[in-house]
Structures are given as structure tokens and as C-alpha cells.
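Here's the structure, in C-alpha cells; my notes come after.
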Amino acid sequence: MSLMEGMLHIMDENAKAQGFGRVRTVILEIGKLAGVEVEALRFAFEAVTEGSIAEGATLEIEEPQGLGWCVECERESSIETRYDPCPLCGKVPLAITGGTEMRVKALDVE
Ligand SMILES: [Zn+2]
């Protein structure tokens, strides 16, 4: 829920700063390695936004691919989980370089 609370906070701050009254679309960026259940997030979104400036808003979720850097191969590869070995040499662990994003990317407001 803390991501959602943070999201509401960001929306409120933006609403004050920019003077908009309603949020039409919220675009979240949730990396595949962020450990967030996207379906649960969608479910929580409705409950959390009820009665807020984002009530009834559309939720869009972008899920950047997980990326890991291998020091042996000096290459970055796509990975499904943060414990995946390097697909080229099998080394673990890789340095996670992408897919852990968890942020409000954009708001479409009116
Ligand atoms: Zn490697």
C-alpha cells in the first residue's frame, strides 16, 4: 500500500502546484524486478483513489524489462528474476541494472 500512498501524495502535491482538479490517467512504471504484484496493484488502485482527485482515473502500468550486468562477460542481459544467472556464462549474482523501477511516470490531468 505504501506505493499507493506515495502515489496519492504525488498527485496531491502536483494538483496544488499546477492547479488541476482531476486526474484522468495515472501511468505507473513498475519494473519486472520490483517485486510488485501488478494485478494486486490494479485492485488497490481503485480502493485507494476512491474519494480522491484520481477517483475513476484510468491506471496504466508500464513494466520495464529486468536487466542484469555480468562482470565476467561485461555485458547486460535481460533477466526474469533478480536471481537469474548470466545467460551467457551462468555467473550469479548479476548486478541489477534495470527493472526495479517503481514510480509515478506521468499524470494526465484536467
Ligand atoms: Zn556472464
Side-chain angles (χ1 to χ4, degrees):
M1 273 320 235
S2 58
L3 170 67
M4 283 291 160
E5 283 159 12
M7 183 193 74
L8 281 180
H9 183 70
I10 289 170
M11 289 192 296
D12 279 342
E13 293 291 298
N14 276 274
K16 280 192 206 121
Q18 298 168 30
F20 62 78
R22 218 177 77 80
V23 175
R24 279 188 303 193
T25 310
V26 178
I27 303 173
L28 297 182
E29 193 173 41
I30 307 292
K32 286 191 187 295
L33 305 182
V36 174
E37 197 69 56
V38 167
E39 283 315 307
L41 199 62
R42 287 188 185 282
F43 186 75
F45 181 78
E46 277 187 36
V48 167
T49 54
E50 200 180 310
S52 79
I53 56 169
E55 183 167 357
T58 303
L59 176 64
E60 289 179 18
I61 299 177
E62 294 180 4
E63 298 178 80
Q65 181 68 47
L67 293 172
W69 175 262
C70 176
V71 292
E72 297 293 323
C73 305
E74 297 187 332
R75 281 183 64 171
E76 192 175 55
S77 300
S78 293
I79 50 175
E80 294 298 317
T81 78
R82 46 175 79 226
Y83 309 108
D84 279 8
C86 172
L88 303 170
C89 71
K91 179 182 158 60
V92 284
L94 301 178
I96 305 301
T97 51
T100 57
E101 300 83 354
M102 197 164 76
R103 66 189 185 99
V104 178
K105 190 179 184 188
L107 297 174
D108 179 22
V109 301
E110 60 184 22

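Just follow the structure's listing: the first ligand is 1, and inside any ligand the first atom is 1. Everything numeric in this text was worked out from a predicted model, so none of it was measured.
At least one side-chain heavy atom of Ser78 sits less than 4.5 Å from a side-chain heavy atom of Leu67.
Val26 approaches Met7 most closely through the heavy-atom pair CG1-SD, 3.9 Å. Val36 and Met102 make their closest contact through CG2-SD, 3.3 Å (heavy atoms, listed as atom of the first residue, atom of the second, distance).
Residue Glu50 places its CD atom among 12 or fewer non-hydrogen atoms of other residues, nucleotides or ligands, all under 6.0 Å distant.
Excluding waters, the set of protein N, O or S atoms lying under 2.8 Å from the Zn ion (ligand 1) comprises Cys70 SG, Cys73 SG, Cys86 SG, Cys89 SG.
Residues Leu59 and Phe43 do not share a hydrophobic cluster, clusters being chains of Ile/Leu/Val/Met/Phe/Trp/Tyr side chains in contact below 4.5 Å.
For Asp12, there are no side chain to side chain donor-acceptor pair (under 3.5 Å) partners, not counting sequence neighbours.
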